Amino acid sequence: MSDTFLPGSGFDTYESQDKVLVQMDGSRECAVAVRILQQQGFAVAAAVVRLADTPEEHAAVDAARALAKKLDVECVTLNAEALAGQDAEAARFAALLTAADKLGIQYIATGHHARVELGSDGVHTVCPAVDAVLDESAALAALPQDTLARLLLPLGEFTAADVQEMAQDFKVNGTV
């Protein structure tokens with residue numbers, strides 16, 4: 001199956017110098033998202049967003065950083081405690097975009113199962129994932145246009161079985 005997922009085999013391909021900052025959480029989905037983006041030609045960096053100073057958040061940061069190390073991807077920890085009163089999704093995206101801007105990175109990506117499409121009217125729309133069981137589009141529907149314009153969701157086109165098979169092909173596993 002790995003040959004199916006090479007650049008030029010159905011994926012959009014980007015310029016090799018394009019960079020993307022991936023929200024890392026230590027999951028298999030994030031690992032697969034990183035590998036897909038790398039195959040599409042992106043230079044990938046990772047970021048883990050810490051919203052609180054709790055043992056659970058520290059464990060999540062450690063898991064994300066360990067996975068990034070295994071994937072040989074630089075990973076930064078974004079301390080977003082000041083944003084903790086906001087919706088968690090909104091806070092994470094705000095932290096990711098701020099970090100991407102500071103690092104000179106055009107795109108951000110997550111392991112969410114959803115898709116972003118650009119309409120003929122120039123409006124970006126969050127669309128359901130191909131796998132309706134995994135669909136997370138509702139959680140992203142309220143994101144503003146400037147965020148959607150920069151957001152890549154590489155898993156939205158795949159089923160759970162596809163992601164599991166890619167994880168095996170890529171020899172990556174996360175905590176999921």
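Quick note: residue numbers are just sequence positions, from 1. Only this structure's heavy atoms are used, side chains among them; waters, hydrogens and symmetry mates stay out. Model, not experiment: these values are computed from the prediction.
- There is no path of hydrophobic side-chain contacts, each under 4.5 Å, that joins Val73 to Leu96.
- Residues Ala114 and Leu153 come closest through the heavy atom pair O-CB, 3.4 Å.
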**OP:** Any chance you could lay out the side-chain contact (heavy atoms from CB on, under 4.5 Å) test for Val32 and Phe158, step after step, and finish with the verdict?
**Re:** CA-CA 11 Å; Val32 171; Phe158 300 104; over 6 Å; no

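- Looking at every heavy atom in both residues, Arg115 comes nearest to Pro128 through NE-O, 2.8 Å.
- Separation of atoms CZ (Arg35) and SG (Cys30) is listed at 13.0 Å; rounding is to 0.5 Å.
- Here the shortest heavy-atom pairing between Leu37 and Val20 reads CD1-CG1, 4.0 Å.
- Taking CG of Leu152 as the reference point, atom CZ of Phe42 lies at 4.5 Å (rounded to 0.5 Å).
- Here the closest non-hydrogen pair linking Val49 and Glu57 is O-OE1, 3.9 Å.
- Annotation: the span from Gln145 atom CD to Arg150 atom CZ amounts to 14.0 Å, rounded to 0.5 Å.
- Rounding to the nearest 0.5 Å places CG of Asp162 at 10.5 Å from CG of Asp169.
- Follow the hydrophobic side-chain contacts under 4.5 Å out from Val116 and you never reach Ile36; the two are in separate clusters.
- The stretch residues 58-73 participates, sequence neighbours left out, in these side-chain hydrogen bond (donor to acceptor under 3.5 Å, both in side chains) pairs: Asp53-His58, Arg65-Thr77.
- Here the straight-line distance linking atom CG of Asp146 with atom CG of Leu97 works out to 7.0 Å at 0.5 Å rounding.
- Taking the side chain to side chain contact (heavy atoms under 4.5 Å, CB included) definition, one finds that Ala91 meets it with Leu51, Leu83, Gln86, sequence neighbours left out.
- Every pair passing side-chain hydrogen bond (donor to acceptor under 3.5 Å, both in side chains) that includes a residue from residues 88-98 is listed here, sequence neighbours excluded: Glu89-His112.
- Hydrophobic cluster membership is shared by Met166 and Val22, with clusters built from Ile, Leu, Val, Met, Phe, Trp and Tyr side chains linked at under 4.5 angstrom.
- Other residues, nucleotides and ligands contribute at most 12 non-hydrogen atoms within 6.0 Å of the CD atom of Glu74.
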Original post:
Where do Tyr107 and Lys19 land on the side-chain contact (heavy atoms from CB on, under 4.5 Å) test, with the steps shown first?
Top reply: CA-CA 6 Å; Tyr107 300 102; Lys19 297 178 184 173; over 6 Å; no

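- Rounded to the nearest 0.5 Å, atoms CG (Leu134) and CG (Leu155) are 9.0 Å apart.
- Heavy-atom minimum distance, Asp121 versus Val123: OD1-N, 3.1 Å.
- At a threshold of 4.5 Å between non-hydrogen side-chain atoms, the residues Cys75 and Val48 count as touching.
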Original post:
When you look at His124 and Glu117, which way does the side-chain contact (heavy atoms from CB on, under 4.5 Å) test go after all the steps?
Top reply: CA-CA 6 Å; His124 292 84; Glu117 292 183 0; over 6 Å; no

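- Contacts classified as side-chain hydrogen bond (donor to acceptor under 3.5 Å, both in side chains) and involving residues 125-139 (residues at least two apart or in different chains) are given here: Asp135-Ser137.
- Listed by chain and residue number, Leu21, Ile105 satisfy the side chain to side chain contact (heavy atoms under 4.5 Å, CB included) test with Ala45 (two or more places apart in sequence, or in another chain).
- Contacts of Asp87 classified as side chain to side chain donor-acceptor pair (under 3.5 Å), with partners at least two apart in sequence or in another chain: none.
- Closest non-hydrogen pair, Gln38 versus Leu71, comes out as NE2-O, 4.5 Å.
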Subject >> Step-by-step side-chain contact (heavy atoms from CB on, under 4.5 Å) determination, Val34 to Met24 >> reply: CA-CA 9 Å; Val34 165; Met24 187 65 69; 3.7 Å; yes

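- At least one side-chain heavy atom of Glu29 sits less than 4.5 Å from a side-chain heavy atom of Val163.
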